[in-house]
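Okay, so here's the structure we're looking at.
Bear in mind the structure is a predicted one, so any value in this text is a computation, not a measurement.
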Amino acid sequence: MTASDAAGIGPVRARERFMLGEPVEGGVRSLILNSWQRCQSMGISPGGSELPYRPDIDLDGRLVRAARPVLDRLASRFAGSRMNVALTDADGAVLQRRFGDASMVRQLPASQSTPGFVFAEQYGGTNGIGLALTERRLIQVSGAEHFAERGQLNACTAIPVRDPLSGRIEGILCFGYPPAYADPQMVDVIRRAATAIERRLLAQSSARERTLLRAYLDSRRRSRSDQAAGDGRPVGLDELPRSGLDRHDRILLEQMATELISWARRAAVEVTLSRGRLVTLLSRPVASPSGVEGFVIEAVLHGDSPPRPAAPGQAGRPVGVPEPAMTAVVPPLRLPESGAPDSEGRTPCASGPGAATRLLLLGEPGVGRYAVAARRRLELLSEASTRIGTTLDVTRTARELAEMAVPRLADYVTIDLPETVLRGEEPTDPVSELHRTVVHGIRTDCPFYPVGERVDLSPATPHRRCLASGQAVLEPDLRRAAGWISQDREAAERLFAHDVHSLIAVPLLARGVVLGIAGFYRARNPAPYGDDDRSLAQELATRAAICIDNARRYTREHAMVLALQHSLLPRSLPEQSAIDVAHRYLPSESGARGDWFDVIPLSGARVALVVGDVVGHGLHAAATMGRLRTAVHNFAELDLAPDELLTHLDNLVGRLDRDEDGTEPATGHDGIIGASCLYAVYDPTSQRCTLARAGHPPPAVIHPDGTVTVPDLPAGPPLGLVGLPFETAELHLPEGSQLILYSDGLLEDHRRDPDAALDRLRTALAHPNRSPEDICRTVAEAVMPEHPADDVTLLVARTRALDPCRIATWDLPADPARVGDIRAAAARRLSDWGLEGVAFVTELLLSELVTNAIRYGTEPIQVRLIHDRTLICEVSDGSSTAPHLRHAATTDEGGRGLFLVAQLAQAWGTRYTSRGKIIWAECALEASDGVPDLLDGRFFGNQFADIPEIG
């Protein structure tokens with residue numbers, strides 16, 4: 001009893017609901033439900049359907065002769081019981097019956113006791129014989145699971161009987177019995193019985209082969225020429241005199257001999273073996289007195305023939321190395337009767353000097369065709385392992401499966417995948433999400449659903465059935481496949497008009513996940529698909545599904561990495577006045593890597609330009625890129641010189657490349673072994689650019705007159721080597737110069753010469769008076785690879801120069817009395833610039849900064865005001881000691897000056913120079929509303945009676 005029976009929804013109740021049109025999912029096996037749906041769509045009546053009778057069945061055919069002893073043993077085993085054993089042909093027509101109780105013949109209706117009635121599903125509804133033919137596997141049907149009412153009181157177990165050579169279903173062996181006889185051992189008994197019949201079928205083929213061998217030997221004894229060639233004894237390849245044939249040679253000859261048998265005609269084929277040996281294979285018919293007909297293959301080995309000259313393109317091949325395939329194959333020739341000369345007077349079978357003629361292989365053409373088909377299936381699977389999954393693209397991998405199957409397995413292939421799979425996600429409901437992804441065939445006008453269209457499948461279709469079972473579903477005759485036709489009758493008729501007649505539907509399963517459905521259709525070949533074809537389609541689809549799943553996972557990871565990478569790259573460039581900037585970023589097709597770029601405003605109206613490249617690819621490289629970009633921002637905030645910044649970055653990369661415990665770099669993942677970086681700082685007040693690079697390509701410079709140069713900058717070691725020094729270089733970039741920074745992916749590509757790419761870059765840049773955006777567009781069209789193997793980063797910066805009238809500079813001695821003079825001079829300059837509204841705040845800032853420089857610094861002391869997007873106040877001195885912000889206690893008489901600076905300025909900080917340091921502060925260009933709050937005592941108490949006199 002099943003779980004559904006226990007719940008009161010067994011097959012009896014389920015069948016009643018089904019007949020009333022009510023849903024029955026969960027109350028009956030899906031195998032039975034699919035059969036009921038097919039029966040209903042074919043219009044079979046549960047109570048009145050009649051089984052056709054065939055009087056022309058072969059009661060003494062090959063299958064009956066093989067099965068008769070087995071059936072007799074089964075009848076003996078079941079003697080006295082209510083067991084009924086039936087053997088049918090491949091169409092479901094009963095050939096033999098055996099009964100445990102002989103009286104059953106008189107009690108049962110003729111359809112269940114007399115040979116000749118056909119139990120195929122389209123006539124008898126759901127039953128053991130018909131369902132075993134449809135599903136092509138062992139089936140058990142019990143009681144109410146039968147569609148027809150006449151089978152309601154019976155149970156049955158049925159299994160296909162196959163030809164061991166061809167794999168074709170020759171018939172069905174079926175046990176019928178009362179439901180009370182049900183026993184798990186029944187399956188084992190029927191399997192062993194079917195196996196015994198199949199062994200006897202194989203023995204019949206062996207007996208026919210032995211008959212052919214006797215006929216061949218008799219013909220040799222009657223032929224003088226054959227007597228001269230040998231003693232008439234069958235000789236294996238390893239016995240050929242002086243042959244020296246290795247395993248490769250023997251396999252090659254056996255394969256070609258099998259092919260010749262399948263041709264079923266007289267032929268001669270010349271085969272070149274290793275060391276230039278020649279063998280001629282002769283195919284001749286042979287027939288036994290009893291009427292068994294076949295073909296014999298003889299090998300004529302030319303032992304004394306010299307090695308053949310090398311074919312064009314093969315010169316220099318080492319002697320003794322076998323050819324990768326058969327060479328110098330002569331087209332099949334029609335030969336005269338044995339021993340008779342041909343049109344040129346030659347006797348093909350006669351032995352020449354040094355030649356030995358021996359039996360190689362014999363058999364019937366049908367057996368040869370089976371062997372050839374088996375070999376071709378193996379070759380197809382072997383080739384599929386190399387041709388499916390050449391890329392990590394889901395759609396391309398699916399198309400490779402279709403291209404692999406057409407035309408050797410199918411004439412048309414359709415592949416349906418859920419949209420989620422195409423996006424790299426795991427499908428949640430593949431049945432409702434299917435879209436036609438691939439249509440491929442021998443013709444382009446076959447009316448399958450077009451690519452991109454949504455595919456809705458009804459439960460009775462082979463496609464839905466294969467999803468439910470997880471196994472390939474074979475429909476040998478689509479004109480009788482009611483479930484497939486009912487899906488779309490008009491589309492089915494259009495396909496029939498194109499001779500489509502047979503289908504194998506295979507689920508694409510990988511790691512337990514349903515990824516889609518592949519449909520293999522046959523049209524040009526009139527023979528329907530068989531079980532060997534189904535097994536081959538299943539194997540192809542399984543291999544392709546693994547590749548599709550790998551591509552899906554890669555697509556998901558690639559999308560995640562690209563999303564992470566784009567989130568870590570600058571979304572917009574900051575506003576600044578030093579340069580005009582444009583950029584391009586092109587991710588590689590092989591997976592996101594670690595390129596990045598940045599534009600970072602610095603103090604003193606300066607700007608930093610950064611381009612970097614992390615070694616490696618994937619999520620690890622993208623994450624590392626984000627960490628390095630953040631680190632560069634942090635180091636830039638410290639106003640470090642380019643070489644010092646790279647030194648700090650070098651140490652960081654070294655730490656990232658080690659395990660947390662400080663061991664050597666880990667293996668087994670996308671280990672980051674280094675990175676490259678170019679860091680440049682441009683100062684618009686002096687038009688000087690300071691650069692340092694760590695294993696990164698040097699920049700290009702477009703001068704205002706249009707000339708292009710590549711400065712000779714010190715290369716520097718890649719980041720991550722730790723401990724090696726970096727050097728800086730300084731360039732003068734007049735206003736209008738363009739600085740071109742890029743990653744190595746722009747020039748280096750395995751499909752082209754880097755030097756040629758650099759020449760194209762120079763040519764693309766050598767045009768004056770163009771905007772950075774125009775330069776980016778030109779370089780992208782002329783230099784960037786169409787299918788980049790590495791990320792491509794391009795950053796173009798056109799320099800500006802700050803008007804000297806917007807810069808004010810004063811040198812002063814270390815005299816506190818001069819603080820008031822500086823405040824007054826600054827106020828006058830701010831008035832000239834129209835910035836009277838910020839004069840008060842600026843005087844406060846200068847008072848504090850100048851006083852600190854005089855009190856704690858050394859000469860020379862200089863004050864500079866820069867009128868840019870903000871008002872920048874800078875005070876430099878010769879000391880390298882930097883002040884520190886601290887919170888003074890209420891009883892302290894000092895220590896609040898820098899706190900005041902921090903509150904009044906938008907930003908402030910310290911940067912070091914070769915001559916000392918600079919303390920700078922930036923103010924907004926409009927008056928601050930917060931200044932009165934700073935002076936009303938809430939921040940500083942009542943200790944400051946005269947703030948302007950600070951210092």
Side-chain angles (χ1 to χ4, degrees), residues 1-15 27-36 67-88 92 94-105 107-109 111-113 119 121 124-162 169 171-200 469 471:
M1 181 180 295
T2 65
S4 58
D5 293 329
I9 313 176
V12 175
R13 180 61 180 144
R15 185 175 181 275
V28 67
R29 292 183 292 161
S30 60
L31 177 79
I32 301 299
L33 178 58
N34 291 335
S35 179
W36 289 353
R68 188 176 289 125
V70 179
L71 296 178
D72 291 342
R73 289 197 298 272
L74 289 173
S76 175
R77 174 170 182 166
F78 298 143
S81 70
R82 303 291 294 175
M83 292 290 296
N84 177 0
V85 180
L87 177 72
T88 77
V94 177
L95 302 174
Q96 292 281 300
R97 282 194 182 273
R98 298 288 190 275
F99 299 95
D101 185 350
S103 64
M104 293 175 61
V105 178
Q107 301 171 7
L108 294 174
S111 62
Q112 297 184 22
S113 60
F119 282 81
E121 190 180 58
T126 305
N127 68 90
I129 294 172
L131 201 52
L133 280 173
T134 301
E135 297 293 333
R136 309 179 76 84
R137 58 190 174 95
L138 187 144
I139 292 296
Q140 290 184 296
V141 181
S142 178
E145 290 183 332
H146 288 84
F147 188 80
E149 293 178 355
R150 60 173 170 268
Q152 297 291 297
L153 300 178
N154 299 318
C156 57
T157 300
I159 188 172
V161 177
R162 289 182 167 83
I169 292 179
I172 300 294
L173 179 65
C174 180
F175 292 173
Y177 46 87
Y181 278 30
D183 190 316
Q185 294 184 359
M186 195 78 69
V187 172
D188 182 59
V189 172
I190 199 170
R191 285 190 189 277
R192 288 191 285 110
T195 302
I197 297 174
E198 291 171 351
R199 281 201 302 265
R200 292 181 61 81
S469 65
Q471 299 293 326

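Results of the side chain to side chain contact (heavy atoms under 4.5 Å, CB included) test with Phe119 over Thr88, Leu133, Val94 single out Val94 as the only residue that passes.
Atoms CD1 and CZ, on Ile159 and Arg191 in that order, are 5.0 Å from each other to the nearest 0.5 Å. Atom OG of Ser113 and atom CE of Met104 lie 9.5 Å apart (nearest 0.5 Å). The distance from atom CD of Gln96 to atom CG of Leu71, rounded to the nearest 0.5 Å, is 6.5 Å. Separating the OH atom in Tyr177 from the CG atom in Asn84 is a distance of 12.0 Å, to the nearest 0.5 Å. Annotation: the span from Leu131 atom CG to Leu138 atom CG amounts to 10.5 Å, rounded to 0.5 Å. Between the CD1 atom of Ile139 and the CD atom of Glu145 there is a distance of 10.0 Å, given to the nearest 0.5 Å.
Taking both residues in full, the closest heavy atoms of Ile172 and Pro160 are given as CD1-CA, 3.6 Å, listed atom of the first, atom of the second, then distance. The nearest pair of heavy atoms linking Val70 to Arg200 is CG2-CD, 4.1 Å. For the pair Arg97 and Ser111, the tightest heavy-atom approach, listed with the atom from each and the gap, is NH2-O, 3.4 Å. Across Arg15 and Ala148, no two heavy atoms sit closer than the pair NH2-C, 4.3 Å. Shortest non-hydrogen contact noted between Gly128 and Ala158 is O-CB, 3.4 Å. Between Leu173 and Ile190, the shortest heavy-atom contact is O-CD1, 3.5 Å.
Partners of Phe99 under the ring pair (Phe, Tyr, Trp, His ring centres under 6.0 Å) rule, at least two apart in sequence or in another chain, do not exist in this structure. Scanning for side-chain contact (heavy atoms from CB on, under 4.5 Å) contacts around Glu198 gives Val161, Arg162, Pro164, with sequence neighbours left out.
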Next on the checklist: Assess the residue pair Arg82 and Gln107 against the criterion (side chain to side chain donor-acceptor pair (under 3.5 Å)); give the C-alpha distance rounded to whole Å, side-chain angles, the decisive distance to 0.1 Å, and a yes or no.
Outcome noted: CA-CA 11 Å; Arg82 303 291 294 175; Gln107 301 171 7; 3.1 Å; yes
Checklist entry - Going through the checks in order, is the side-chain contact (heavy atoms from CB on, under 4.5 Å) test met by Met186 and Met83? => result CA-CA 11 Å; Met186 195 78 69; Met83 292 290 296; 3.8 Å; yes
Next on the checklist: Checking Phe175 against Phe78 for the ring-ring contact (aromatic ring centres under 6.0 Å, His included) test, could you report, in this order, the C-alpha distance in whole Å, the side-chain angles of both residues, the deciding distance, and whether it holds?
Outcome noted: CA-CA 11 Å; Phe175 292 173; Phe78 298 143; 5.5 Å; yes
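Asp72 and Arg68 are not joined by a salt bridge, as no carboxylate oxygen comes within less than 4.0 angstrom of a charged side-chain nitrogen.
Side-chain contact check for Arg29 and Gln140: no donor-acceptor pair (N or O, by modelled atom type) lies under 3.5 Å.
Not one N or O on the side chain of Asp183 forms a donor-acceptor pair closer than 3.5 Å with the backbone of Tyr181.
Counting only heavy atoms from C-beta outward, the side chains of Glu135 and Leu31 approach each other to under 4.5 Å. The side-chain heavy atoms of Asn154 and Asn127, taken from C-beta on, include no pair separated by under 4.5 Å.
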